[in-house]
Amino acid sequence: METTETKETMETKETKHFIQEHIEQDLGTETNKLATRFPPEPNGHLHIGHAKSIHLNFGLALQYGGTCNLRFDDTDPTKESQEYVDSIMDDVQWMGFDFHNKLFFASDYFEQMYQFALILINKGLAFVCDLTPEQVQEYRGSYTEPGKESPYRNRTIEENLKLFAEMREGKYKEGEKTLRAKIDMTSPNISLRDPVIYRITYVPHYRTGSSWCIYPMYDYAHPLEDAIEGITHSLCSIEFVNNRPLYDWFVENVNYSKFERKPRQIEFAKMQMTNTIMGKRYLKKLVDEGKVSGWDDPRLHTIKGLRRRGYTPEIIKEFCHQTGISKTGGIVEIHTLENCARNILKSQAYSIMAVINPLKVTITNYPTDQTEYVTLENNAETDLGSRQVPFGREIYIEAEDFMEDPPKKFFRLTPGGEVRLKGAYFIKCQEVIKDSQGNITGLNCTYDVQTKSGTGFTGRKVKGTIHWVAVETAVKATVQLFDYITTEDSTEDNRFNENSMEQKTAYIEPEIEQSAALQFQFLRHGYFAKDNVLAKTYNCIVNLKSTY
RNA sequence: AGGGUUGUCGCCAAGCGGUAAGGCACAGGGUUUUGAUCCCUGCAUCCAAAGGUUCGAAUCCUUUCAGCCCUGCCA
């Protein structure tokens, strides 16, 4: 009893966003009738912004026990391809959402949509227009001036029927004729000024080939697709608010008797993120110019890039959940995403030791012939437990973890200073070895046996702990150091940082590569000191298996 | 003769007439086998601005200001 009560109070604390409120108002006790859809146009790869829509639509369906369709809005053959369809399906699946039996294509409705257009023509609500694109624009008016009616607006129904049929048959050239809805050329809402609903294109469609040369426009097609599929709530981004009256107009006037319920369009704000390029155009440019290795380059915020970088679906879903849904267009800081990654990874990823800029340390008082394993604990929140890591007389430490002439708040190794080697012993730097150029090539240190980790030694404290890898057993691995692709420049064109990717060889603990779980690590800690000028704040992928 | 939409902490975001949730970021302290994690603590007398209604307003009314979207045969 008590537990259910506390559970309930806990649940009520979780606030509902406005879309959930609309759904519950509209559907009442039948929220399980909720039908949403994620409707990408297959003209590019998905990015973190799309993830939000995927999470919203599929998540809502899951929450209410409704359904969510994956529908490809492929009504413009000039931009779409199967490659993108495959990629998008792969991404949605990877995100963990199921669209089995719920996969649809707008192109499958072409005939049905054509029939709907006939209904509109027969009702006197659509007409074939001969105006050129330039003229259409002229006639449309402007923000402050009403438009003019097309001279072809009053063609008879018979003539419209004949002309539209001929358009379909391919009797006209591209741009020669369009089918337009007859609404209101004086409306302050420009999307209502007799919008074009069919245009002629002879580019073959990736699915329907050359079966069609007329294609429906988004404003006409989308509401009808929703209605055909019985979508109850059509969620889209805020720039479509102006199109909502048009959306309703088509659903209303096509008046298809099989529409169980009129779909309702609800808009929410698109999300932007700092240090992120999401524009398709810019993304494509980076890929085409070879600035990145592909759509899955780990510096990109495409779903595939994030995935390759080591993000899990859980991280992305958590991010969507944390940032929420609203009508306020905002820019989320990249920190929020990174926080989700850290939070989730810390409870399931190994904390391994990897040295990227090695500095050899010889522990002069360590027995030459001794081999020893040291116990390394993983984060207590994981069920990964601990593991044994070989230690030795010669080890690599991170070059940045030693400073000959340290600033005041440097907690790591210094000449004569003492630090803990993570999981092992305290070592004290006795001698700095340099080459003829004066470069530091190695360190001679001494260790103190009684300071071994786990023995409960409390004799003295040390300010810092550093990571290390035993020279003899270290595994060489390719490591990619990178940053996000970005600069302070506000124009996306220039947001490319040439130094954002660096290939390095790192020394890593042995046997770690056997762990499939280790694909990713935020190696932030251990590599930097805050407020230290010498700090490097790398994120890195430890590419041990050449598989992502 | 423009229309639409949004304005709550540095960033997201609750709030829906009863006296400003939460997360991120940041700052300080404690624990500590990396300065991570973990644990405390602090962080909007104020909700774009100004008036008004009310015992009482971020929430209602009025006006003003700012951002974003709309004149593709793209979606």
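Just so it is clear: chains get the letters A, B, ... in the order the sequence lines come, proteins before strands, and each one is counted from 1. Heavy-atom basis, side chains included; hydrogens, waters and symmetry copies ignored.
- In this structure, rG51(B) shows a glycosidic angle more than 90 degrees from zero, which is the anti conformation.
- Checking Lys463(A), Arg460(A), Lys461(A) one by one against Glu418(A), the side-chain hydrogen bond (donor to acceptor under 3.5 Å, both in side chains) holds for a single residue, Arg460(A).
- The interatomic distance linking Glu318(A) (CD) with rG22(B) (C1') rounds to 13 Å, in whole Å.
- On a pure distance criterion of 3.5 Å, a polar donor-acceptor pair joins the side chain of Arg412(A) and the base of rG35(B).
- When each of rA13(B), rU71(B), rA25(B) is scored by its nearest atom to the side-chain atoms of Asn339(A), the top-ranked nucleotide is rA25(B).
- Defined by atom type and a distance below 3.5 Å, a donor-acceptor pair is present between the side-chain atoms of Tyr366(A) and Glu372(A).
- Atom CZ of Phe240(A) is separated from atom P of rG72(B) by 15 Å (rounded to the nearest Å).
- In this structure Thr446(A) satisfies the side-chain contact (heavy atoms from CB on, under 4.5 Å) test together with Thr364(A), Asn365(A), Lys428(A), Gln430(A), sequence neighbours excluded.
- Straight-line distance from the CG atom of Asn189(A) to the P atom of rU5(B): 10 Å, rounded to whole Å.
- The aromatic ring of Tyr143(A) sits over the base of rG2(B), with ring centres less than 5.5 Å apart and planes inclined by under 30°.
- With hydrogens and angles left out, the side chain of Glu333(A) and the base of rG10(B) share a donor-acceptor pair within 3.5 Å.
- The separation of rU19(B) from rG29(B), taken at their P atoms, amounts to 36 Å, rounded to a whole angstrom.
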